[in-house]
Amino acid sequence: MPELPEVETFKKYFDGTSLNQKIERVVVNDDKIIRNLNGDEFVNKLTGRTFLDSFRRGKYLFARMDNDEYLLLHFGMTGDLNYYELEEDRTKHERFVFYFNNHQRLGFDCPRKFARINYIENIKEYIAKSGLGKDALVITEAEFLAATKAKKGSIKGFLLNQKILAGVGNLYADEVCYKTRIHPGSQTGAIPTKKLKEAFATMQDILNTAIKRSAYYKEYPDNWFFEWRKEGTPAPNGKGVVTWDKIGGRTTYFFPNYQRLYSFK
DNA sequence: TGTGATGTTGAATG
DNA sequence: GCATTCAACATCAC
């Protein structure tokens with residue numbers, strides 16, 4: 001379930017459980033999600049290592065090891081971490097697992113295998129090469145506004161583009177558009193600066209609020225997407241109901257008579 | 001049973 | 001070349 005707030009929550013979980021313990025053994029059940037090494041190489045590289053700390057950028061979690069190299073965890077749609085001791089607590093789709101020297105294990109679970117794991121020797125080079133944008137909570141208003149300039153694509157696609165700003169996913173992008181009353185299909189560069197500033201502030205506010213609640217949807221404010229992002233919800237202004245369309249390549253929910261469509265021309 | 005899902009990417013298109 | 005769109009990836013749940 002990982003967009004930025006979810007990954008931040010994974011980071012806290014990882015930091016709180018898996019640092020400063022030597023990895024004694026690594027078992028790979030399915031190396032499909034390990035992108036730049038095969039299973040045996042992964043085992044060889046990780047065995048004997050210790051995680052020292054981690055940092056997050058967008059939806060990417062980089063875990064630093066005692067050799068100053070990094071393990072990149074990207075959770076895809078269904079990635080999850082599971083720190084446990086007993087075999088009975090092993091999850092069903094555990095793709096690989098680290099056995100620490102304190103008899104605890106860290107398993108990486110991922111049913112759909114969309115997760116991406118990379119072993120990184122040179123972190124700076126990797127990030128530069130990947131083109132990963134600034135974190136959505138780190139990027140400044142000025143940088144955000146500059147990036148929107150003359151963009152003809154949809155605001156939804158803009159918010160989802162990890163090379164422009166990293167961390168916003170499908171749900172939170174819809175929430176930003178909803179709260180600011182911007183039609184998600186609006187051409188980004190055609191939206192007035194004042195409105196874009198509002199979108200920027202709203203985006204960071206939404207992400208921070210979600211992080212405070214540990215990305216636990218049940219504790220989100222009542223009027224957030226889980227309430228309105230479903231068939232038949234009436235618009236806040238009473239004009240029509242929620243509808244959906246494919247925008248920016250993803251299923252997008254919005255209120256056509258509530259969220260304004262901005263476009264060039 | 002068929003369909004779509006909180007993500008990314010490389011190929012195709014304009 | 002650039003910006004944007006789309007199918008593909010694999011499994012589960014409704």
Side-chain angles (χ1 to χ4, degrees), chain A residues 1-11 29-36 56-62 72-81 91-96 108-118 126-127 129-133 135-136 146-178 184-190 203 206-207 209-211 213-220 224-232 242-254 263-264:
Chain A
M1 22 182 227
E3 298 185 35
L4 187 152
E6 287 78 3
V7 179
E8 178 65 23
T9 304
F10 285 141
K11 170 177 162 51
N29 301 311
D30 186 337
D31 66 5
K32 180 85 209 294
I33 61 173
I34 304 168
R35 302 298 163 137
N36 63 348
R56 183 190 58 70
R57 177 153 163 175
K59 306 170 189 172
Y60 291 75
L61 181 60
F62 297 90
L72 163 58
L73 304 174
H74 183 284
F75 298 86
M77 297 271 257
T78 56
D80 201 0
L81 297 175
T91 52
K92 186 174 172 191
H93 301 285
E94 184 176 82
R95 303 308 180 187
F96 60 85
F108 191 96
D109 190 80
C110 188
R112 284 174 72 185
K113 302 186 196 173
F114 284 3
R116 287 153 186 277
I117 308 300
N118 275 281
Y126 179 86
I127 289 180
K129 210 171 138 195
S130 73
L132 187 62
D135 187 81
T148 64
K149 217 165 172 131
K151 282 276 193 307
K152 290 185 196 150
S154 68
I155 182 69
K156 172 80 183 245
F158 176 86
L159 291 170
L160 290 179
N161 188 334
Q162 304 298 303
K163 295 189 173 176
I164 297 172
L165 71 167
V168 177
N170 200 29
L171 261 36
Y172 295 98
D174 279 5
E175 187 68 19
V176 171
C177 292
Y178 166 70
S186 295
Q187 289 185 287
T188 307
M203 169 186 81
I206 289 169
L207 295 173
T209 301
I211 287 172
R213 289 162 171 72
S214 303
Y216 187 54
Y217 294 153
K218 287 182 180 167
E219 294 189 4
Y220 283 0
W224 275 32
F225 44 69
F226 260 64
E227 256 336 285
W228 65 262
R229 208 174 177 277
K230 58 191 175 196
E231 212 76 42
V242 74
T243 184
W244 64 269
D245 198 0
K246 217 57 157 181
I247 301 176
R250 306 295 301 281
T251 299
T252 302
Y253 284 81
F254 62 101
S263 59
F264 289 114

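Note on naming: letters A, B, ... go to the chains in the order of the sequence lines (proteins, then strands), and numbering restarts at 1 for each one.
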I need the [atom1]-[atom2] distance between [X] and [N], as an integer number of Å.
X        : N      : atom1 : atom2 : value
A/Ile164 : B/dG7  : CD1   : P     : 16 Å
A/Phe75  : C/dT11 : CZ    : C1'   : 19 Å
A/Lys156 : B/dG7  : NZ    : C1'   : 12 Å
A/Glu3   : B/dA5  : CD    : P     : 13 Å
A/Glu175 : B/dT6  : CD    : C1'   : 13 Å
A/Lys230 : B/dA5  : NZ    : P     : 16 Å
A/Glu231 : B/dA5  : CD    : P     : 11 Å
A/Lys113 : C/dT11 : NZ    : P     : 4 Å

Of all heavy-atom pairs between [X] and [Y], which one has the smallest distance, and what is that distance?
X        : Y        : value
A/Asn170 : A/Glu3   : N-OE2, 3.5 Å
A/Asn29  : A/Glu94  : ND2-O, 2.9 Å
A/Thr78  : A/Lys113 : OG1-N, 4.3 Å

Answer yes or no: is there a donor N or O on one side and an acceptor on the other, between the side chain of [X] and the main chain of [Y], under 3.5 Å?
X        : Y        : answer
A/Gln187 : A/Gly185 : no
A/Asp30  : A/Lys32  : yes
A/Arg35  : A/Ala115 : yes
A/Thr188 : A/Ser154 : yes

With the criterion being N/O to N/O and under 3.5 Å, what pairs connect the protein with nucleotides 12-14 of chain C, and how long is each?
{"unit_1": "C/dC12", "atom_1": "OP1", "unit_2": "A/His93", "atom_2": "NE2", "d": "3.1"}

Pick base, sugar-phosphate or nothing for A/Arg229, based on heavy-atom distances below 4.0 Å to the nucleic acid.
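The answer is sugar-phosphate, as A/Arg229 gets under 4.0 Å only of primed atoms, P, OP1 or OP2.
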Answer with yes or no after comparing the ring centroid distance for A/Phe75 and A/Phe10 against a 6.0 Å cut-off, counting only values under it.
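A/Phe75 vs A/Phe10: aromatic centres under 6.0 Å.
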Is the closest side-chain heavy-atom distance between [X] and [Y] below 4.5 Å?
X        : Y        : result
A/Thr243 : A/Phe254 : yes
A/Pro2   : A/Lys59  : no
A/Lys163 : A/Leu132 : no

Whole-angstrom distance between B/dG4 and C/dC6, as gauged at atom C1':
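Result for the C1' pair: 16 Å, nearest Å.
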List, with names and distances, any nitrogen or oxygen atoms from the protein found under 3.5 Å away from nitrogen or oxygen atoms belonging to nucleotides 8-11 of chain B.
{"unit_1": "B/dT8", "atom_1": "OP1", "unit_2": "A/His74", "atom_2": "NE2", "d": "2.9"}
{"unit_1": "B/dT8", "atom_1": "OP2", "unit_2": "A/Lys59", "atom_2": "NZ", "d": "2.9"}

The criterion is ring pair (Phe, Tyr, Trp, His ring centres under 6.0 Å); which residues satisfy it with A/Tyr178, sequence neighbours excluded?
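A/Tyr178 satisfies ring pair (Phe, Tyr, Trp, His ring centres under 6.0 Å) with A/Trp228, A/Phe255 once adjacent residues are dropped.
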For A/His93, enumerate each residue passing the ring pair (Phe, Tyr, Trp, His ring centres under 6.0 Å) test, keeping only those at least two apart in sequence or located in another chain.
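Not a single residue meets the ring pair (Phe, Tyr, Trp, His ring centres under 6.0 Å) criterion with A/His93.
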So what's the dot-bracket for DNA chain B: Watson-Crick or G-U pairs under 3.5 Å, [ ] if a pair crosses, | if it pairs off-strand?
.||||.||||||||
Show the distances under 3.5 angstrom between N or O atoms of the protein and N or O atoms of nucleotides 3-6 of chain C.
{"unit_1": "C/dT4", "atom_1": "OP1", "unit_2": "A/Lys152", "atom_2": "N", "d": "3.2"}
{"unit_1": "C/dT4", "atom_1": "OP1", "unit_2": "A/Gly153", "atom_2": "N", "d": "2.5"}

Within the structure, does a side-chain N or O atom of A/Thr78 lie under 4.0 Å from either OP1 or OP2 of B/dA5?
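Negative; the distance criterion is not met.
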Please verify the inter-ring angle class for A/Tyr220 with A/Phe225; under 30° counts as parallel, over 60° as perpendicular, anything in between as tilted.
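Rings of A/Tyr220 and A/Phe225: perpendicular, over 60°.
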